[in-house]
J.: 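Take this structure, written in structure tokens, and hold onto it; I'll ask about it next.
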Amino acid sequence: MFTVRGDGVDLAVFEDGDPAGETVLLVHGYPDTHTVWDELVERLKDRFHVVTYDVRGAGGSSRPSGRGHYTFEKLMADMAAVLDTVAAPGKKVHLVAHDWGAIQSWEAVCTMPERFASFTSFSGPCLDHVAHWTRSKLRRPSPHNLRLAAQQGVRSWYIYAFQTPVLPELLWRIGAKRFTRILKVVEGVPATGTYPAKTLARDGAAGVGLYRANMLERLRHPGDRRTGVPVQVIVPTKDLFVSPHLVGGLQKWVPDLRLRPIHAGHWVQRTHPDVIARWVALHITDVQGGTLTDTETRALRHARVGSERRRFEGDLVVVTGAGSGIGRATVLAFAEQGAQVVAADLNLETAEHTAELARLLGATAHAYRIDVSDTAAMEEFAKAVRHEHGVPDVVVNNAGIGMAGSFLDHTPEDWRKVLDVNLWGVIHGSRLFAAQMVERGEGGHIVNTASAAAFTPSRILPAYSTSKAAVLMLSECLRADLASQGIGVSAICPGIVNTGITRSSQFVGKSAQDQSRSRKRAQRAYALRNFGPERVAAQILAAVRDDRAVVPVTIEARLGYLISRISPGAMRLLARLKVG
Ligand code: NAD
């Protein structure tokens, strides 16, 4: 630690890591000190020259009283003094900032951009941008816009409270211990030996000046704040103080912008230090023109904001049963939206053809042969995907087979076959890839292809319907389990879709001749219904985009879903119909 003379105050500055490396300046928020960065410093110091400092009013720095000491002008002069000391003349630094640290860092990258090579901001927007954002919502007061503005208004309750004289200071003096407990219970941020700092009560009381000196003035008279510095905004979607929607329209002010949503709360550098360190390092490597792995390049493409950016740009999507029908259409739909795709099927030739078609759409595509019912093979497959392409962002467990006939005509072997592919295939895919997504900590989405048969009982599909009902329930359970990790789960329930399934479906209890006749009849009926697999694929993409739980596709599936809920008795009568 050493002291730097700021604008009339002494600032406690801390240095770590490799002095020859790129300088990363970490700016803390309110009511923190530099110790909020402890975990991040540990993870960055091997590669970078890491500098933190206590901003005026906090920790080991001077604590002047009165709002006049906490204006943006003073804060900028302090930051410039720190930069003059820690960075070689003319050398730009990489700025990383949280909460109020980010608010003042936005001011810095907009007013002295020549000093910064990159900026990573989280949970602290530019106040001018917030003012413009709020005005734009109120100018077009649709219910949606009003709701967004109100949501941020409610999250900002403490800003208004801080405008009252004396009371906030008093509360800090008596309630600092309680704040530490709330931090643990509500945000999942436990206290350590150094965090929150011992000076918390005094820091909290002094830092109120930041809000009084700047907030209302800036929100009332916002300026035109733009920056050419490459910016990465990490967006914690569970932030109790800053709405994730505030990044809407940010590109207008920041042309070189990347957005990184994360399912986390306000103190994300303490709850998810590995992910944040990875993203900070990646952003810096990118702007420095350093070497990136394929996975890293893809992740950056995904994060980059641009008018021509497609919805799944840079995502890695794995689809099973991708050699035909719904699986193939899903691969192509994701490919069209910019995803890198892995097409897996029991039939390698058809999987390769799907990958080839995806490449024609401009996507990077890979084909794998996989039997989804084979536990060991699925483990190998998941390992290979991770090793060669990285952790998938979306997995579509779609492979499935059809089987029809009365219950007494199904042999135990028939049951095993259907359950092995239709249910165990989904269990394997979900288990193996969900584990990878959880470990990575950046969320993801799992889609399981169930069927309308999952909720429409029928005397002719006992094994198939049972397998699909199990897939639907599995998806619901998984959805509940993985929600806290930011991983969505959707069950897709198509009705009659014109694919190859009728050609391969087994009609048990029938002679070969009768089987072939039944297949032909089914093929004709499916062709007549004429609902293409690409329409199911479009619903799968929408389910991922909107994180939908259960998606009945086709009118008969939607009707079936409705009747099963409002009149199960009618559904039981329909189940007795002998079709086929
Ligand atoms: P499809 O027969 O056209 O495609 C299924 C693909 O899965 C084929 O390429 C096949 O080779 C592959 N496959 C089969 N067993 C496999 C295994 N063990 N491992 C890996 N791949 C395997 O059928 P589709 O209609 O596209 O079916 C896709 C999914 O949609 C299935 O789960 C099916 O049950 C479901 N579904 C289809 C309909 C429909 O009407 N077509 C309706 C509801 C649900």
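Ligands are counted one by one from 1 in listed order, and the atoms in each one are counted from 1 as well.
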J.: Between Arg440 and Asp393, is there a salt bridge with N-O shorter than 4.0 Å?
T.: yes

J.: Under 3.5 Å, is there a donor-acceptor pair linking the side chains of Asp294 and Thr297?
T.: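 Thr297 and Asp294 do not have a side-chain donor-acceptor pair below 3.5 Å.
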
J.: Just jot down the side-chain contact (heavy atoms from CB on, under 4.5 Å) partners of Arg369, sequence neighbours excluded, or say none.
T.: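 side-chain contact (heavy atoms from CB on, under 4.5 Å) list for Arg369, sorted by chain: Leu346, Leu348.
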
J.: Who are the side-chain contact (heavy atoms from CB on, under 4.5 Å) partners of Arg524, not counting sequence neighbours?
T.: Lys520, Arg521

J.: Write none if no such pair exists; otherwise list each N/O atom of ligand 1 with its protein N/O partner under 3.5 Å and the distance.
T.:
residue, atom, partner, partner atom, Å
ligand 1, 2 (O), Ile501, N, 3.4
ligand 1, 3 (O), Ser324, OG, 2.5
ligand 1, 3 (O), Gly500, N, 3.1
ligand 1, 9 (O), Asp345, OD1, 3.4
ligand 1, 9 (O), Asp345, OD2, 2.6
ligand 1, 11 (O), Asp345, OD1, 2.6
ligand 1, 18 (N), Asp371, OD1, 2.9
ligand 1, 19 (N), Ile370, O, 3.3
ligand 1, 19 (N), Val372, N, 3.0
ligand 1, 21 (N), Leu346, N, 3.2
ligand 1, 25 (O), Thr499, OG1, 2.5
ligand 1, 26 (O), Ile326, N, 2.7
ligand 1, 32 (O), Asn398, O, 2.8
ligand 1, 32 (O), Lys468, NZ, 2.9
ligand 1, 34 (O), Tyr464, OH, 2.6
ligand 1, 34 (O), Lys468, NZ, 3.0
ligand 1, 40 (O), Gly495, O, 3.2
ligand 1, 40 (O), Val497, N, 2.8
ligand 1, 40 (O), Val497, O, 3.3
ligand 1, 41 (N), Val497, O, 3.1
ligand 1, 41 (N), Thr499, OG1, 3.1

J.: Could you tell me whether the side chains of Gln269 and His98 share a donor-acceptor contact shorter than 3.5 Å?
T.: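 There is such a pair between these side chains.
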
J.: Only counting residues at least two apart or in another chain, list the ones meeting ring-ring contact (aromatic ring centres under 6.0 Å, His included) with His366.
T.: His389

